Amino acid sequence: MLIDSPATTVATPLDDARKQLRHALDFLDYGDDVFQMLVTPRRELAVAVPLRTDDGRILTLRGYRVQHSLTRGPAKGGLRFSPGVDLDEVRALAMWMTWKCALVDLPYGGAKGGLAIDPSQHSRAELERATRRYTNEILPIIGPDRDIPAPDIGTDEQTMAWIMDTYSANLGYTVPDVVTGKPISLGGSLGRATATSRGVALVALAALAHVGIRAEGATASVQGYGKVGRSAARFLSEAGVRIVCVADEHGAVYRSAGLDLDALDHHVDTHRTVLGFDGGESLAAGDALTLDVDLLVPAAVEGVIHEGNAPSVTARVVVEGANGPTTTAADEILAAQGTLVVPDILANAGGVIVSYFEWAQAKQTYRWSLDTVEERLRTRMVAAWDEVLAHAIRHRTTLRRAAMTIAVARVYDAHRNRGLYP
Ligand code: GLU
């Protein structure tokens with residue numbers, strides 16, 4: 001039998017994450033010993049999560065939590081529920097969290113969790129049982145000063161509430177700072193739900209201004225219309241950007257005069273997809289990436305911009321709302337084309353920044369106003385953008401290499417100051 005196996009030739013997110021680290025260390029002139037130390041996750045836990053289904057069967061799910069780094073503080077990062085999630089994907093995502101937290105100067109290391117489950121195929125009761133059992137399995141390694149989960153693809157504030165409750169029940173008292181992205185009623189932060197999108201819109205507007213494109217009248221395509229893409233489209237449109245296309249995994253809708261986002265959101269709330277929206281023309285999902293627009297925001301999953309379609313990406317600016325949407329090979333093609341790519345660890349850092357604010361509020365037992373949260377978010381995002389841009393200009397390099405260099409240097413510096421035990 002002939003087996004067509006692209007997996008042997010196609011780079012995985014982990015390959016890309018490793019290459020990005022290698023580039024940063026080459027620039028910093030650090031050797032292979034530093035690479036080995038920084039590429040190796042400090043701690044990895046793989047667990048079985050047996051789930052009793054509503055009809056009495058038992059499904060055995062695979063779950064993971066990877067703590068890539070604990071050097072600058074407790075591990076921090078989301079939890080992903082997705083059928084294809086595996087240990088290598090979680091390793092890549094955990095490594096990116098380390099650089100992201102360092103880049104925006106949060107006192108955290110990096111982590112990520114995953115559970116191989118398709119949330120759309122399970123009842124709420126099944127998701128609750130799976131979440132609680134997963135939490136119980138990883139309980140020994142999480143905690144407000146050890147590792148603090150948050151939402152990611154397939155999880156939400158309800159998931160965080162179940163994790164908090166399970167953790168608290170085991171300890172015998174309420175521990176709100178064990179997770180972030182909680183419901184407001186349980187100590188969630190005002191502004192957390194839209195924080196990633198706010199940050200994406202903020203740096204997108206800064207990037208457009210940098211290349212001399214006025215927001216008013218600029219066009220944008222948003223690929224991924226979930227937690228990140230949907231509000232990012234909204235904030236961009238409020239700033240005057242014309243959202244001409246949005247896509248989800250099922251398809252895309254396009255309208256050259258700009259989509260009516262109120263009508264679109266109503267459609268998505270009813271049908272759970274952009275597909276079938278009659279306020280625009282239907283396109284294939286992938287077409288959203290190659291439209292003739294000023295700004296492209298990939299806001300779904302890893303690897304959507306690859307060697308195959310990168311030459312067709314004509315947007316002047318790409319802002320990575322997703323983690324790892326551009327492969328290393330595509331990154332090189334985009335750089336050669338003169339496309340300005342704002343990397344994930346900068347572009348989507350707004351989420352973990354407000355996670356940090358939520359954690360800080362829990363530690364203070366004091367709620368900040370929405371204005372305070374949004375002002376402090378803006379300050380951190382703008383500072384990181386300015387720093388990355390200045391580094392990129394000074395060293396004539398891409399924003400990704402600049403961001404990675406700043407972040408990796410910061411983490412290695414912390415290693416050096418702590419020293420090696422024993
Ligand atoms: N999952 C988000 C990310 O990839 C948020 C992580 C967090 O808030 O800890 O950045």
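Order of listing sets the numbers, starting from 1, for every ligand and every atom in it. Fair warning: this is a prediction, and the values are worked out from it, not measured in the lab. Numbers here simply count residues along the sequence, with the first being 1.
Under the 30°/60° scheme for interplanar angles, the aromatic rings of H395 and F27 are found to stand perpendicular.
Summary of contacts: the protein heavy atom closest to atom 8 (O) of ligand 1 is S355 OG, 2.6 Å. The shortest contact between atom 7 (C) of ligand 1 and any protein heavy atom is with A150 CB, 3.3 Å. Remark: minimum distance from atom 3 (C) of ligand 1 to any protein heavy atom is reached at K100 NZ, 3.3 Å. Counting only heavy atoms of the protein, atom 9 (O) of ligand 1 lies nearest to K76 NZ, 2.8 Å.
Proximity of a side-chain donor or acceptor of R376 to a complementary backbone N or O of I353 within less than 3.5 Å is not detected. Using a distance-only test at 3.5 Å, with no hydrogens or angles considered, a donor-acceptor pair links the side chain of R410 to the main chain of L103. Listed for the H68 side chain is no donor-acceptor partner under 3.5 Å among the backbone atoms of R43.
Residue M97 has at least one heavy-atom neighbour below 4.0 Å for each of these atoms of ligand 1: 3 (C), 4 (O), 6 (C), 10 (O). Counting atoms of ligand 1 from 1 in the listed order, those under 4.0 Å from a heavy atom of V352 are 7 (C), 8 (O), 9 (O). Set against the non-hydrogen atoms of G77, the atoms of ligand 1 under 4.0 Å away are 9 (O). Close contacts of ligand 1 with G78, meaning ligand atoms under 4.0 Å from a residue heavy atom, involve 1 (N), 6 (C).
Ligand 1 has K112 within reach: a non-hydrogen atom of the residue lies less than 4.0 Å from it. Using 4.0 Å as the threshold, P151 has a heavy atom nearer than that to some atom of ligand 1.
Note on R91 versus D88: salt bridge recorded, some NZ/NE/NH1/NH2 to OD/OE distance being below 4.0 Å. Ion pairing of D262 with R234 is present here, as a side-chain N (NZ or NE/NH1/NH2) and a carboxylate O approach within less than 4.0 Å.
Of the candidates K76, K227, R80, R80 is the only one forming a salt bridge (charged side-chain N to carboxylate O under 4.0 Å, His left out) with D152.
Checked against a 6.0 Å centroid threshold, the rings of Y30 and F35 do not count as neighbours.
Counting heavy atoms closer than 4.0 Å to ligand 1, residue N323 contributes side-chain atoms (C-beta onward) but none from N, CA, C or O. Counting heavy atoms under 4.0 Å from ligand 1, residue R192 touches it through the side chain alone.
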